[in-house]
Structures are given as structure tokens and as C-alpha cells.
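Sequence lines set the chain letters: A, B, ... in the order given, protein chains first and strands last, and positions in each chain run from 1. The shown structure was predicted, so the numbers you read here are calculated from the model rather than taken from an experiment.
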Amino acid sequence: MYSVDIDKKWQEKWAEMKLGEFDPSRIDKKLYILEMFSYPSASKLHVGHWFNYAPPDSWARMQKMRGYEVFQPIGFDAFGLPAENYAIKTGIHPQDSTKANIETMTEQLYKLGGMFDWRANLATCDPDYYRWNQWLFLQLFKNGLAYRKSAPVNWCPDCQTVLANEQVLEDGTCERCSTEVTKKNLTQWFFKITAYADELLDKLSTLDWPEQTKKIQQNWIGRSEGTEVSFEVERDGERVLNDDGTPLTLDVFTTRIDTLFGVTYLVIAPESPLLERLTTEAQKAEVDRYVDKTLKASEIARLATTREKTGVFTGCHVIHPITGEKLELWTADYVIASYGTGVVMAVPAHDTRDFAFAEIFGLPIRRVIDSVDETETELPFVEYGKLVDSGAYTGLTSEAAIAQITADLAKDSKGKAYITYRLRDWLVSRQRYWGTPIPIVYCDQCGTVPLPESMLPLTLPYDVAFSPDGVSPLTKSDAFMQTTCPTCGGPARRDPDTLDTFVCSSWYQFRFVDNHNEEAPFDKEKVNALCPVDMYVGGQEHAAMHLLYSRFITKALRDLGYLDFDEPFQALVHQGMILGSDGQKMSKSAGNTVTPDDLVDQYGGDVFRLHLLFSFAYTEGGNWNDDGVLAITRFISRIEALVDKVIELPVEKRPHDKALAYRVNYTIRGATQDALKFQFNTAIARLMELLNHLQKMITDQSVISEETYEATRTLLLLLAPFAPHFAEEMNEKMGYSPSIFNEPWPTLDVAALVLDEIEIAVQVNGQIKTRLMIPADIEEADLIERIKGHESFDNWIAGKTPVKWIYVKGRLLNIVVK
RNA sequence: GCGGACAUGGCGGAAUUGGCAGACGCGCUGGAUUUAGGUUCCAGUGGGAGACCGUGCAGGUUCAAGUCCUGUUGUCCGCACCA
């Protein structure tokens, strides 16, 4: 009887025989499979973890049997907000709680029976790991890919603390104290991911990733080609000048420069640093009030097209670059500072948002585009068309005008062709404790000074007060903050912030390969040999951020000479989400959680694993159901019964059983093809079919054929990746020595799949009339004759005339009648 | 709001990618064994007496549509400080 004891037995044996350890001498057969590592949370391994790890492990085991040298490491994404929040609540230090959680989860992962190479584990909160985050930061800094600038953070005035977006409720209040959250500008570190925007876009086509994920990245990067055009500004009747005396210009990005003559006002983002200078005394109070209000709104809400438009006149005017006309400059929250230049030229006649705004505030609306076919159209008319009332450009098509106006503006130095991206640089500063300290000091003499690599790791101090009171926790640790400048030796201060945890996960796939290296993050040769990851498995929620950051860091490391390939993850699969039986996300509060430990103890890990593999479409996920567990225990015990009978009965040689050979090979083909595509449910369905067949064959038999015995053995080999402990046990029962995972995967005999007779459908106008057994190699003409001679033929065509015969070989014949 | 997906029997889910809808399993019904129930085994199981009708809804393309196109409804995921 299979149980959790069998799991234990084989887990110990596998550890002894080092089943999961990668053998570098077989590097030419290497296959690097990686599941996204998880956050060590106190609530133990949940069903989602199992669904993330067990099915890919089955895939890996199959690949091992197919001859690959599999590398499957495991680690923990151990820095992050939850441990720190937990510390604030309970006083338990993040390091202590995290360590304990990692221990528990490691034990649970071991019980999962994954074929992991345990030597290659890592935890990102370990100084041996995060020192290389710091190293990475320094490389980016030295090469101009890390820089500081001011950026807003969510600020709770009551808690006196920075909040994560997650901690701000939908109505814009703090989750802890319900105070209205506002924004505060801080100088923070950024990684220049935008420098790689084009390559990140272009190389998507080389990846074996789900199309929808590529689309998400493509939209996230949001490359947009257009024109940048400059407007000079007038305040109180005078030109506004730069410090050097040249006229200050507002640069506007637009994809529709053909509508330039329809511009009736400009809008600047409320958080734009220029706004203050461009507000007149008379308007100051009103503008300030408006800016204040905007700081409390979320970006998502601001960009909603249905949101009622609000805005304020700044009192200043801008000068139209071609007509010289004076236009009002407004500020409104539908313009976002971080996209484009933070200023838009408003063309109410040809843009829906500008139109709505102009109607509310009574601003002029000027049509400059008509439809090409000169039919009457309503405003706002947002399509391309033909220019009207546009000076010298009147009569041109939109396409022609875009090219012409852009060229003319460039000639006058009033604009240029320009490409902008929705993608923004990656903000990596976090005003928190539980993360990687930033390896930079600020010296009054030398300014911003990077730590020399020899001084890494810059370790996180243990004794720190995390209670929120207005500053980053590290600020309060004098021992940490007060330091000397590595350049001049004078007094200096450290950076009080820590790095975003996405920095950890942007390169961990390389550290696994060489995780004990103390001289470097990894050895170049080793990484080049084992990477990129051949199969990466994890949730689709990471499509835009983690997966893009990893790609960016890989390219940066390549350009800095640390590795020789372009992409970190060649192939990617997303598992679906397992919800509670009520269709809601599993959570303690909903009371719908399923604990893997209980199921494993009761039924054994393989039953749980098979249930996950069989009852869900892997990439879809779905609602948890208990019923399937019983079905699997039945499946398992039926196989055991089959094995028992097969080893008990005498075996004799019999004439070749063509039908059995067909079924066996049909199973090999189906199970292999489906499992390779992560379609485990159908792969297992094929195994069930073979089991049903074998079971029928041996019923009431006192002797079995050699072929039946071999088919049973084949069934076990095919089952092995999906029920590793159980299959290993059955394999031993049949007298074979372990491990079954060192046996070769069954090979397909294509010839056995060729049938003499096949069944096809006969249709009339696409409607099925009958099914026919025909010789597999029948000629189309013979088939047609045969059908014409069928006793029901006249009945089928019901007096009409066949005009066309469509034969889809081996599948159907459709008679088109009229 | 923007972006990405999904919708098939009572249920989980299949469908060679435009070619016989419902594989496999759960559940259910009947039968056999046992008989206290469960287990196990066998048969049946989308609807409809039937011609036929059936893949969220409404159109369309095609000899042929779950699959492609247009529109529509509902659910889920992401939106840059959760990871």
C-alpha cells in the first residue's frame, strides 16, 4: 500500500544516490529548469507553491529519463516587506522570523520530493548573496546605469512613514490608520532600464514565451514614435528665460503633430518641477490648492478616461511655434509628469480627453482635420484625415503632414522627430530596513562615493528600531550611518535606504550556477555553459516587472563583460492559480485554505501531486476540489493491483499482439508530447487508458504474455515522473534496481501506430450522416465510389445533387449537395 | 480607465490548431460480488420520442467554426513600493 512512508524511503535513497545533483561532466546534455523562488512566509507551503514546484519537477524528471542532465536548484526570495511588518507588529526580528520560515519551508520542499540540487540553494537575505546585489549596483553606477533623482513616495502624515502601494487602500487612505495618504518627494536611486528599451522590445521575438506575456511586455515598454515640439512661455507679458538668458521652452511630445494648428491650450502635469515658475501670482493660491489635491490621487484614477476632468489656469501663456499665437497654459491631473515630457499640447477637436476638458472649461475647439472622403464627421474626430485651416499644410493628408511639419520644425530648431516610451527607469530605493543596503556614502568633501568592492558586503545592522517615525529605519542606527569616506577618510554618511527586492531576483538565476563563489557573483565560464535557463516556470503576475528587470540586468551584465548571452530565460511557462473551492483566492479570512501537509500525510505526496497534475489544466489553474483525490488513490491502487498480478503470473511467449503494440505506442506518443507541453492532465489520461486496457487483458488470466509484462513495465516508466515515489516502489517490486529515473524513457515505435483500417465520418453539407470503417490506404476515388454505393446514400442527399466531394485524409468525407 | 486572459455536460477538464464536440476522471443511474455500509467489478450517462438541437450572448466568413472575424456580456490577472 502506497503511503507517505514510501515517500520517506525514497527521499532518503535519492539523497544517498545524489539523484538531483548536476554532473558538470555531462554539460553538453545540460537542461536548466528553474521555478520562480518563493518568499519564506510564516504560513507554510501552500497549494500554490506545490503547483509551482511539483509539476515542473515532473517535467524535469521526464527530461532526465530522456537523457538530459538536469539542473534544478531552489532558493528563497528572503528580503521584503512582510517580515518587516511582522516585526513592527510582534517585535520578532525579520532575520529571526525569516530564518525560521526558511527552515520550515526547506523541510516541506524536501517532502515534496522535488529532484532539486540542494547544493545550489540560496537565500537573498544572506550577506553572501546580497553582497553581490551591492556589487551589481556598483557596476551599474560606474557605467552610468544607476543615478539619483527626485521621485514621489506615498506618505502617511499620521504614521509618519512611507507606504507601499499595497498599503494604500482604494479610497486613498492608509491601511493602518485610515488617514488620507499624500505624496512626498525624495531623492532616490534609479536603474536606467530605458537605455535598453529597444533591445528589450526587439529580442522578445527570440523567446519561447507565451505570446500574451510578450504582448504585456511590449505594451509595458510602450514605444511610441512622434514629434517633440517646443513652445516658448510668456508670463505677465514677458518671455520666461532660462538662467543663461535663452528663452525657456516647454517641450511637448505628440504622435499627432498634424493637428498642430488645432492646439488651443497647453497642459502641464501638476507635479512638474517647472510648474511653480510658470504660475502667476494671481493664480498661485489656486494652483497650489490643486497640486495639493492631485498628490492625493492615484495614478490609475488620474488616467481613467471616464474621470471628470479637473484643472486650473496657471496665468501664463505659451507661444504657438508656427502661428505665434498666444495660448493659455493650464495644469491638470490627466497629464502625468513621468510620461513623455509631462506637458501635452491640447487639441480638443481631435483628442477625446482634451475635448472633454475644453468643454468643461470653455476653451476654444478648432477643427483642423477632415475625413479623407470629405464625409461629415463629429468632433472629437481622432482618426487620420486631411488637413484644413492649417496654413501651408492645408490639404495634406495626416501622414504627409506629420512628416512635413516635423521636418520644418527641425529646420527652425523648434522640434524634431522623437521616440518616447511608456517604460520608466526602475526606482530601486526603498525606505525600509529588511533589504540590501546601498553601497554608497555621502561625503561633504567628495560627494557621492561608491564603496570599493573590497569593502563588500556592507552588512545590514541587526540592532535597529523599525517602528515607523518618519525616516528610514537605518537612519536611526548611528553605528551604520556614521562612517568615513573611502576616498578622503573624512566623516561621511551612508545611504539610509535599501534596494528593491526585485534587484535580488533579477540575477539569482546566475548565482545558482556558482553559489559558493566568494570572489565573484559567478564564474563567467560556468554561467555561459549552464545558462540561459532552458525552462522557467512561474506566475504570470510577474510578466511586466520581474521578467523585464531580469532581462534588463542580463543585457547590462553582458555589455559589462560578465556573460556572453542576451536573455536569461529561453522558455517560459506560467502556471495557473489554484483558488479555494468557493472560487475565491485562498486565504485564512475566507477560511478556504487547503494545507498540503495534511493531504501528504494522509494520502502520500504522489497522490497530491497527481491530483494537481490531473485535475487542472496547468496554465489555467482553477478551483480546488477534494473529489479528485479519491480518483487518484483509486488510480494508484489499480496500478499496484496490476503490478501484483503481473509479477505473480507466469509469463509466456505469444504471437505478436498488434492491438496492444498500438495502444502502448499511442500512450508513449501522447504522454510524451503532452507532458513536454506541460499538459499533464491529458498525459495522465493516456496512462489511464493504457491501464484500463491492461487490466481488461489480465482479468481471469492465469498466464500472461511477455508483451503484457513489458507493457506494464512501460506504463510504470511513463508514470514515474508524475508519481516518482510510487513508481520507484513499483519498479523495485518488479525486481528492477533503483533508480527508475536512471532508466531510459520508452521509445516510440512509429510503425506500430499504422493501422490497416480506420474510421472516418461521412458528412453531407457538414452534417454527419454515418461513420465508416475503411482501409487506411484507400484512394479517394475508390472511397467516393464506395459511398455512392452505400445503401443509405440516396437518403443522405435527399434528392439533391452532389457538386463537390471533400476528403480530409483519415478523418472525414464531406459531400456538398445543392 | 488602460493592458492581458478566460467562458465547453451536474462538476474538473479534452478536442490533431478550421475537419466526427464532450477524451480521461468525478458524480449520478442500473446490475454483479459482498452484504451493515464502504471497497471492487460490469453497463449506461449533453438535451430531445424523433427529424434534429447543442461550446456565455448576437451577427458574419467557410463545403466545414468551440476554434477565424465584428459586436456584446460576465469573471479573473497586471498597472511600476506585495512578491
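- Across all strands shown, B/rC41 forms a Watson-Crick or G-U wobble pair, both distances under 3.5 Å, with B/rG31.
- Within a 6.0 Å radius of CD in A/Glu757, more than 12 heavy atoms belonging to other residues, nucleotides or ligands are found.
- Looking at heavy-atom distances under 4.0 Å, A/Gln188 makes contact with a base.
- For A/Phe614 and B/rG25, the CZ to C1' distance is 4 Å, given to the nearest whole Å.
- Looking at heavy-atom distances under 4.0 Å, A/Leu81 makes contact with sugar-phosphate atoms alone, never a base.
- Ranking B/rC82, B/rC81, B/rA64 by closeness to the A/Gln431 side chain, first place goes to B/rC81.
- The interatomic distance linking A/Lys215 (NZ) with B/rC6 (C1') rounds to 14 Å, in whole Å.
- With rounding to whole Å, A/Arg551 atom CZ is found 17 Å from B/rA80 atom C1'.
- Using a 4.0 Å heavy-atom criterion, one finds that A/Trp426 contacts no nucleic acid atom at all.
- Atom-to-atom, CG of A/Asp700 to P of B/rC42 comes out at 11 Å; the value is rounded to the nearest Å.
- When heavy atoms are screened at a 4.0 angstrom cut-off, A/Arg634 is found touching the sugar-phosphate backbone but no base atom.
- Residue-level contact check: A/Ser38 touches neither bases nor backbone, having no heavy atom under 4.0 Å from any strand.
- Because its glycosidic torsion is more than 90° from 0, B/rU72 is reported here as anti.
- Heavy atoms of A/His546 sit nowhere under 4.0 angstrom from any nucleic acid atom.
- In this structure, the CZ atom of A/Arg771 is 13 Å from the C1' atom of B/rG19, given to the nearest Å.
- A/Gly621 comes within 4.0 angstrom of the backbone, heavy atoms only, and of no base.
- Between the CD atom of A/Glu170 and the P atom of B/rG78 there is a distance of 13 Å, given to the nearest Å.
- Taking only side-chain nitrogens and oxygens, A/Lys769 comes nearer than 4.0 Å to OP1 or OP2 of B/rC52.
- A/Lys183 comes within 4.0 angstrom of no nucleic acid atom, judged by non-hydrogen atoms across all strands.
- Distance alone, capped at 3.5 Å, is enough to place a donor-acceptor pair between the A/Thr124 side chain and the A/Ala78 backbone.
- Side-chain rings of A/Phe355 and A/Phe357 stay apart, their centers remaining 6.0 Å or farther from each other.
- Only the P atoms considered, B/rG38 is 14 Å distant from B/rG31, to the nearest whole Å.
- Note on A/Asn814: a base of the nucleic acid sits closer than 4.0 angstrom, heavy atoms only.
- Going from atom CG of A/Asp77 over to atom P of B/rC81 covers 15 Å, rounded to whole Å.
- The aromatic rings of A/Phe137 and A/Trp189 lie perpendicular to each other, with more than 60° between the two planes, well past the 30° mark.
- In this entry B/rG10 has B/rC26 as its Watson-Crick or G-U wobble partner, both defining distances falling under 3.5 Å.
- An OP1 or OP2 oxygen of B/rA80 is reached within less than 4.0 angstrom by no side-chain nitrogen or oxygen of A/Arg422.
- In this structure, A/Asn692 atom CG and B/rG25 atom P are separated by 5 Å, rounded to whole Å.
- In B/rA49 the base sits syn relative to the sugar, since the glycosidic angle is no further than 90° from 0.
- Residue A/Asn219 has a polar side-chain atom (N or O) positioned under 4.0 Å from OP1 or OP2 of B/rG4.
- When Watson-Crick and G-U wobble pairs are counted only if both distances are under 3.5 Å, B/rC79 pairs with B/rG1.
- The aromatic rings of A/Tyr508 and A/Phe37 lie parallel to each other, their planes meeting at an angle below 30°, with 60° marking the opposite boundary.
- Heavy atoms of A/Phe502 sit under 4.0 angstrom from at least one base atom.
- Comparing the C1' positions of B/rG13 and B/rG4 gives an interatomic distance of 23 Å, to the nearest angstrom.
- A glycosidic torsion no more than 90° from 0 defines the syn conformation, and B/rG9 adopts it.
- Contacts of A/Gln212 with the nucleic acid, taken as non-hydrogen atoms under 4.0 Å apart, involve only primed sugar atoms and P, OP1 or OP2.
- A/Ala544 comes within contact range of no nucleotide atom at all, as no heavy-atom separation falls under 4.0 Å.
- Looking at A/Trp209 and A/Phe569, their side chains come closer than 4.5 Å, going by heavy atoms from C-beta outward.
- A/Leu423 comes within contact range of at least one nucleobase, with a heavy-atom separation under 4.0 Å.
- Close to B/rC20, at under 4.0 Å from its OP1 or OP2, lies no side-chain N or O of A/Gln767.
- Residue contacts for A/Leu812: at a heavy-atom cut-off of 4.0 Å it reaches a base atom on one of the strands shown.
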